[in-house]
Amino acid sequence: QVKLVESGGGSVQAGGSLTLSCKVSGDTIRRYCMAWFRQAPGKEREGVARIDGSTFATYMPGSLEGRFTISVDNAKDTLNLQMSSLKPGDTAMYYCAAGSNEFCNLSLQHFRNWGQGTQVTVSS
């Protein structure tokens, strides 16, 4: 069984930066399509970014491109999300997720394994 544990969340002011991490255990990260999702209270969970653990191909919505960077550290079996120029609209619980690396995508239904989440709060 794959276990995902997020860390790195916190409170920052608008314009600040945070780096989130997701430690993968129970299997190697290279076997999976890895992704970050986020969910604000009362809103639907939305995809932030994904990366193919084998090919390292990445994707994220255009609205986030340039501010967020997803990466993997294979030596540490860790997924990272570097966030810069944060805005209050980025406030949410951020979740790490793992799914099959075949047809890696950012669809919610593709991911079967989830972390517990880490809170990011951006104040104005």
Side-chain angles (χ1 to χ4, degrees):
Q1 294 180 319
V2 177
K3 183 178 180 181
L4 309 174
V5 180
E6 301 96 333
S7 63
S11 298
V12 298
Q13 291 188 317
S17 300
L18 280 175
T19 297
L20 308 181
S21 296
C22 172
K23 182 66 173 66
V24 179
S25 61
D27 207 344
T28 175
I29 198 169
R30 64 178 174 81
R31 293 173 54 88
Y32 296 93
C33 173
M34 302 295 301
W36 288 98
F37 288 80
R38 66 184 183 184
Q39 186 170 24
K43 296 186 177 181
E44 296 182 346
R45 192 167 298 187
E46 64 173 344
V48 174
R50 61 86 169 165
I51 183 168
D52 188 310
S54 179
T55 69
F56 306 113
T58 63
Y59 169 80
M60 68 180 66
S63 61
L64 298 177
E65 188 174 358
R67 296 196 300 119
F68 290 11
T69 300
I70 189 170
S71 63
V72 296
D73 184 335
N74 290 113
K76 298 180 179 180
D77 277 322
T78 300
L79 173 74
N80 298 119
L81 181 68
Q82 183 176 334
M83 306 184 294
S84 300
S85 301
L86 286 164
K87 301 182 292 186
D90 296 318
T91 296
M93 184 73 74
Y94 283 70
Y95 295 92
C96 174
S100 171
N101 62 7
E102 183 176 8
F103 307 116
C104 187
N105 59 69
L106 200 53
S107 298
L108 183 64
Q109 297 303 115
H110 185 72
F111 299 90
R112 296 177 294 177
N113 300 295
W114 295 84
Q116 82 288 350
T118 185
Q119 179 68 39
V120 172
T121 301
V122 184
S123 60
S124 59

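- Of all heavy-atom pairs spanning Pro88 and Ser123, the tightest one is CG-C, 4.5 Å.
- At least one side-chain heavy atom of Ile29 sits under 4.5 Å from a side-chain heavy atom of Asn74.
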Step by step, would you call Arg50 with Cys104 a side chain to side chain contact (heavy atoms under 4.5 Å, CB included)?
CA-CA 8 Å; Arg50 61 86 169 165; Cys104 187; 3.6 Å; yes

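- In the displayed structure, Gln39 atom CD is contacted under 6.0 Å by more than 12 heavy atoms of other residues, nucleotides or ligands.
- Residues Val72 and Arg30 fail the side-chain proximity criterion, which asks for heavy atoms closer than 4.5 Å.
- Here the straight-line distance linking atom OG of Ser11 with atom CG of Leu18 works out to 8.5 Å at 0.5 Å rounding.
- Leu64 and Met34 fall within a single hydrophobic cluster, where Ile, Leu, Val, Met, Phe, Trp and Tyr side chains are chained together by heavy-atom contacts under 4.5 Å.
- A distance-only check finds a donor-acceptor pair linking the side chain of Thr91 to the backbone of Val122 [under 3.5 Å].
- Here the closest heavy-atom approach between residue Tyr95 and residue Gln116 is recorded as CE2-O, 3.5 Å.
- Side-chain heavy atoms closer than 4.5 Å link hydrophobic residues (I, L, V, M, F, W, Y) into clusters, and following such links, even through other members, never connects Leu106 to Phe56.
- Proximity of a side-chain donor or acceptor of Thr78 to a complementary backbone N or O of Lys76 within less than 3.5 Å is detected.
- The two residues Tyr94 and Glu6 make their nearest non-hydrogen contact at O-OE2, 4.0 Å.
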Decide side chain to side chain contact (heavy atoms under 4.5 Å, CB included) for Arg112 and Val2; before the verdict, give the C-alpha distance in whole Å, the side-chain angles of both, and the deciding distance to 0.1 Å.
CA-CA 10 Å; Arg112 296 177 294 177; Val2 177; over 6 Å; no

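- Judged as a salt bridge (charged side-chain N to carboxylate O under 4.0 Å, His left out), and not counting sequence neighbours, the contacts of Asp27 are Arg31.
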I would like to know whether Ser17 and Gln82 meet side chain to side chain contact (heavy atoms under 4.5 Å, CB included); could you show each step before the answer?
CA-CA 8 Å; Ser17 300; Gln82 183 176 334; over 6 Å; no

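- Between the CD atom of Gln1 and the OG atom of Ser25 there is a distance of 10.5 Å, given to the nearest 0.5 Å.
- Taking both residues in full, the closest heavy atoms of Met60 and Ile70 are given as CE-N, 4.2 Å, listed atom of the first, atom of the second, then distance.
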Might you work through the side chain to side chain contact (heavy atoms under 4.5 Å, CB included) test for Val24 and Leu4, ending with a clear yes or no?
CA-CA 5 Å; Val24 179; Leu4 309 174; 3.7 Å; yes

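- The structure places CG of Asp52 at 10.5 Å from CD of Glu102, a figure rounded to the nearest 0.5 Å.
- Hydrophobic cluster membership is shared by Leu20 and Val12, with clusters built from Ile, Leu, Val, Met, Phe, Trp and Tyr side chains linked at under 4.5 angstrom.
- Residues Ser21 and Thr118 form no side-chain contact, since every pair of their non-hydrogen atoms from C-beta on lies 4.5 Å or further apart.
- Counting only heavy atoms from C-beta outward, the side chains of Trp36 and Cys22 approach each other to under 4.5 Å.
- The closest side-chain heavy-atom distance from Phe111 to Phe37 is below 4.5 Å.
- Smallest separation of non-hydrogen atoms from Ser124 and Ala14: CA-CB, 4.3 Å.
- Side-chain atoms of Glu44 and Leu108, non-hydrogen and from C-beta on, never get closer than 4.5 Å to each other.
- With sequence neighbours left out, Asp90 forms a salt bridge (charged side-chain N to carboxylate O under 4.0 Å, His left out) with Arg38, Arg67.
- Annotation for Leu79 and Cys96: closest pair CD2-SG, 3.7 Å, computed over non-hydrogen atoms.
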